[in-house]
Amino acid sequence: MDNWYELLVDLIVIAVFIGGIAQFRTPKRARLGTAITAVAFGAALALVVYRNTVGQLWVVGAAFVVGGIAGLVVSERITMTRIPALIALQNGAGGGASLLVSLVELGRVSLPTDAIGAGFALAGVLVGGVALSGSVIAAAKLDNHLRIRAAVPGAYDRAVALALLGFAAAAALALTVTGFERPVAFAATALAPLALGAVLALRVGGADMPVLISLLNAFSGLAAAFLGVATSNEMLIAAGAMVGSSGTILTLVMARAMNRSVRAILTGGGPKPATPPATPDAAGEAHAPATEPGPELAPKQPPSATAALRQAKGALAGATSIIIVPGYGMALAQAQHEVASLARKLSQAGKLVRFAVHPVAGRMPGHMHVLLAEADVDYDDLYEMDAINDDFASTDVAIVVGASDVVNPAAITVPDTPISGMPILRAHEASTVIVCNLDDRPGYSGVPNPLYTDPKSILLFGDAKETVASLIGEHAR
Amino acid sequence: MSEILLMLGIFAVTSVVSYALISRVPQRLHTPLMAFTNAISAVTILGALLLFTAEVDTAAMLLGAAAIVLAAFNLLGGFSVTDRMLRMFRS
């Protein structure tokens with residue numbers, strides 16, 4: 001146990017951490033909170049070195065400088081489009097560090113006197129390992145290097161069970177055997193969680209990434225907290241608990257915005273393809289009659305691309321209020337600058353231009369906001385779903401850029417689809433909807449989008465960078 | 001035994017307080033929030049430093065050094081990328 005004043009100092013640092021996170025209300029205050037927390041963190045590091053005689057200072061210092069410089073260089077240089085992957089990697093690094101330290105601590109506990117320490121060190125190894133490998137896989141997926149989805153039914157469940165059993169067996173051996181088997185058992189104890197994390201991350205598909213990445217965020221915090229209990233370190237426990245809380249909140253917010261349980265997202269391998277006869281005309285009449293594709297409208301001849309563009313420009317010219325709905329397609333096409341300049345041009349023409357962002361648009365929580373902020377869109381023009389949803393009905397034009405599921409009226413009108421009941425942005429209530437999507441294929445959920453056949457929709461299919469630029473008579477940069 | 005209770009208490013109190021505070025973070029700041037809490041999870045570097053206060057054999061030294069490299073990457077990179085994102089938000 002620390003001396004009481006050491007505990008007091010720890011509690012002060014913890015309070016500063018909590019105070020820092022409490023500043024995340026506006027960007028300006030968040031910057032201040034981040035700076036204060038960074039200083040407190042530095043103080044905590046200095047305190048640990050000051051209070052204890054840290055051996056091997058050369059090794060410790062060199063390791064810190066190497067890792068720190070690499071971290072700084074990568075995060076200063078990376079483009080904003082690759083931020084989700086970077087955040088996943090940083091998360092993985094934290095989990096990995098907890099895994100390694102927990103492993104060393106596990107080797108030091110003396111049983112049976114310190115069974116609690118051994119248990120929490122094992123928990124640190126397990127959760128840290130899952131966070132590490134899960135995050136690395138997530139980063140590869142977020143950076144579009146990896147596109148693997150569930151293939152063999154039941155294979156993932158068996159792999160999870162196997163990894164957990166392997167972990168239990170290896171842990172039991174690591175705590176009992178001596179001699180040359182010991183390092184082998186320890187290696188197996190570390191490898192099993194890595195396998196588990198890889199399996200968990202592999203089975204989660206593209207649009208479900210916000211849930212996975214939030215959950216792994218919570219895991220890296222919990223790993224630190226478990227290590228903290230194993231080593232009786234209050235700072236680790238408190239900071240880890242904070243991160244665990246934050247990741248848990250984000251996970252729940254994301255799952256709620258998809259109207260699915262976390263468990264279903266993690267184990268279902270993504271929504272099943274919709275049943276083909278998902279025509280919206282059965283239930284849709286009362287709620288949104290305009291979305292009902294009457295039999296004579298469904299096979300309507302699409303106007304030529306130039307005619308559609310002319311029509312879209314006309315609609316924008318006559319509009320006084322416009323809401324732009326960005327989705328993952330905008331990120332994929334890197335069209336945020338074109339979208340921003342479209343918005344600027346329209347608002348310079350005296351129109352009310354706002355952005356409506358769905359909580360799960362993109363591949364991580366807040367993804368769209370970061371991209372649009374990079375393109376200099378005013379922070380106050382970004383609206384959350386609940387704040388703007390009622391305004392669509394009184395809006396002249398909604399511009400959908402690379403979004404499908406989050407604006408799919410079938411979520412409201414058609415029962416029993418994978419997205420039924422999912423809260424959506426009601427872009428279909430605007431007088432005119434301009435859709436700048438790649439094509440008319442359904443979104444990630446596989447549910448056909450009635451917006452594509454709605455007579456009030458103007459469809460500009462193709463690369464969003466180009467279609468959006470063409471709306472303001474520019475060429476894509 | 002009182003020690004484990006103190007530790008679990010700190011865990012529970014911090015979790016609840018953070019939960020209350022973080023629930024009110026606007027969606028617009030969710031990415032910076034995640035980057036920020038990532039950086040905080042590098043707190044595990046304190047555990048890595050403390051490994052070196054005891055006698056370390058070669059294996060422990062290598063694992064500990066690797067942990068410090070990873071945690072420092074997470075720590076400095078996390079704070080820097082958080083600030084970089086927050087700088088972009090303007091109003």
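Every heavy atom of this structure was used, including side-chain atoms; hydrogens, water molecules and symmetry mates were not. Letters go in sequence order (proteins before strands), and every chain restarts at 1.
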Part of [X] lying under 4.5 Å from any heavy atom of chain B:
X	result
A:Phe120	side chain
A:Val49	side chain
A:Arg77	backbone
A:Ile21	both
A:Ile83	side chain
A:Val357	both
A:Ile78	both
A:Val253	side chain
A:Asp376	both
A:Ser102	neither
A:Leu86	side chain
A:Leu222	side chain

Taking [Y]'s backbone N and O only, do any of them form a donor-acceptor pair with [X]'s side chain (distance below 3.5 Å, no angle check)?
X	Y	value
A:Ser135	A:Leu89	no
B:Arg28	A:Gly366	no
A:Arg363	A:Ala85	no
A:Thr26	A:Arg29	yes
B:Thr31	A:Pro365	yes

Looking at [options], which makes the most heavy-atom pairs under 4.5 Å with chain A?
options	value
B:Met61, B:Glu55, B:Arg24, B:Met85	B:Arg24
B:Val13, B:Leu49, B:Leu76	B:Leu76
B:Thr14, B:Leu51, B:Ile40	B:Leu51
B:Ala12, B:Pro26, B:Ala66, B:Gly64	B:Pro26

Between [options], which shows the greatest number of heavy-atom pairs under 4.5 Å with chain B?
options	value
A:Ile213, A:Asn91, A:Leu382	A:Asn91
A:Leu227, A:Val229, A:Thr248, A:Thr231	A:Val229
A:Val59, A:Leu100, A:Ile69, A:Leu11	A:Leu100
A:Ile237, A:Leu132, A:Leu372, A:Asp381	A:Ile237
A:Ala70, A:Gly96, A:Gly221, A:Ala38	A:Ala38
A:Glu105, A:Lys28, A:Gln56, A:Glu76	A:Glu76

What part of [X] gets within 4.5 angstrom of chain A, counting heavy atoms only: side chain, backbone, both, or neither?
X	answer
B:Leu33	both
B:Ala59	neither
B:Val25	both
B:Phe36	side chain
B:Ser23	both

Original post:
Should the pair A:Arg51-A:Asp10 be classified as a salt bridge under the 4.0 Å nitrogen-to-oxygen rule?
Top reply: yes

Original post:
Once the angle between the rings of A:Phe41 and B:Phe79 is folded into 0 to 90°, is it parallel (under 30°), tilted (30 to 60°) or perpendicular (over 60°)?
Top reply: perpendicular

Original post:
Would you call the rings of A:Tyr379 and B:Phe89 parallel, tilted or perpendicular if under 30° counts as parallel and over 60° as perpendicular?
Top reply: perpendicular

**OP:** Could you tell me whether the side chains of B:Ser18 and A:Ser245 share a donor-acceptor contact shorter than 3.5 Å?
**Re:** no

**OP:** State whether a side-chain donor-acceptor pair under 3.5 Å links B:Asn38 with A:Asn217.
**Re:** yes

Original post:
Between B:Gln27 and A:Met385, which heavy-atom pair has the shortest distance, and what is it?
Top reply: OE1-N, 4.4 Å

